[in-house]
Amino acid sequence: MVDLPEDTSLDIVDHLIGEAEEHRVEQVALIEHLMQQAQDTAAAERVLTEIEDILAALRCRRSYLLAMQTAP
């Protein structure tokens, strides 16, 4: 899924989350367009699921990094 080096900084993870959010918005728009054109959306929906899985993993990494910053 998301394989980041252990030393990946919070800034980089935040940047990756922003990029993934942009991709998610684009994918949702694509699915809506395909639906309006009465096209099959299965492949686009699978890609959206992958993007959302990546976002979840990145957010988990972000939470971990934040927790490590505040840990004594």
Side-chain angles (χ1 to χ4, degrees):
M1 191 175 306
V2 177
D3 190 20
L4 298 173
E6 279 295 316
D7 62 346
T8 302
S9 72
L10 183 59
D11 289 339
I12 291 173
V13 172
D14 283 340
H15 177 75
L16 293 172
I17 289 171
E19 286 184 347
E21 284 287 357
E22 290 176 14
H23 290 299
R24 186 181 120 7
V25 168
E26 292 169 358
Q27 197 66 21
V28 168
L30 173 62
I31 291 168
E32 290 173 358
H33 174 74
L34 290 172
M35 289 173 62
Q36 290 172 354
Q37 301 297 315
Q39 299 286 324
D40 181 24
T41 61
E45 289 174 8
R46 283 192 299 274
V47 171
L48 178 59
T49 298
E50 291 175 18
I51 292 169
E52 289 172 341
D53 289 347
I54 290 167
L55 270 167
L58 287 168
R59 288 182 179 128
C60 183
R61 174 62 72 94
R62 185 178 193 285
S63 293
Y64 169 78
L65 291 171
L66 286 172
M68 293 305 292
Q69 285 182 348
T70 59

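One-based numbering along the sequence shown. Predicted, not measured: the structure shown is a model, and the values here were computed from it.
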- Is it true that V28 and I31 fall in one hydrophobic cluster, defined by side-chain heavy atoms closer than 4.5 Å?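 Looking at the clustering, I31 is in the same group as V28.
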
- Query: Is L4 close to L58 at the side-chain level, that is, under 4.5 Å between some pair of heavy atoms?
  - Reply: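 Of all side-chain heavy-atom pairs linking L4 with L58, at least one is under 4.5 Å.
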
To the nearest 0.5 Å, what is the distance between [atom1] on [X] and [atom2] on [Y]?
X: E50; Y: R46; atom1: CD; atom2: CZ; answer: 8.5 Å
X: E26; Y: H33; atom1: CD; atom2: NE2; answer: 14.0 Å
X: Q27; Y: L34; atom1: CD; atom2: CG; answer: 8.5 Å
X: L10; Y: R61; atom1: CG; atom2: CZ; answer: 11.0 Å

- Query: So L55 and I17, side chain to side chain contact (heavy atoms under 4.5 Å, CB included) or not? Walk me through it.
  - Reply: CA-CA 6 Å; L55 270 167; I17 289 171; 4.1 Å; yes

- Tell me yes or no: between the side chains of E19 and H23, is some donor less than 3.5 Å from an acceptor?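 There is no such pair (donor and acceptor under 3.5 Å, judged by atom type) between the side chains of E19 and H23.
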
- Query: So, the side chain of T41 versus the backbone of A44: is there a donor-acceptor pair under 3.5 Å, distance only?
  - Reply: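 Pair absent, no side-chain N/O of T41 close to backbone of A44.
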
- Message: The test is side chain to side chain contact (heavy atoms under 4.5 Å, CB included); show your working for L16 and I54 and say whether it passes.
- Response: CA-CA 10 Å; L16 293 172; I54 290 167; over 6 Å; no

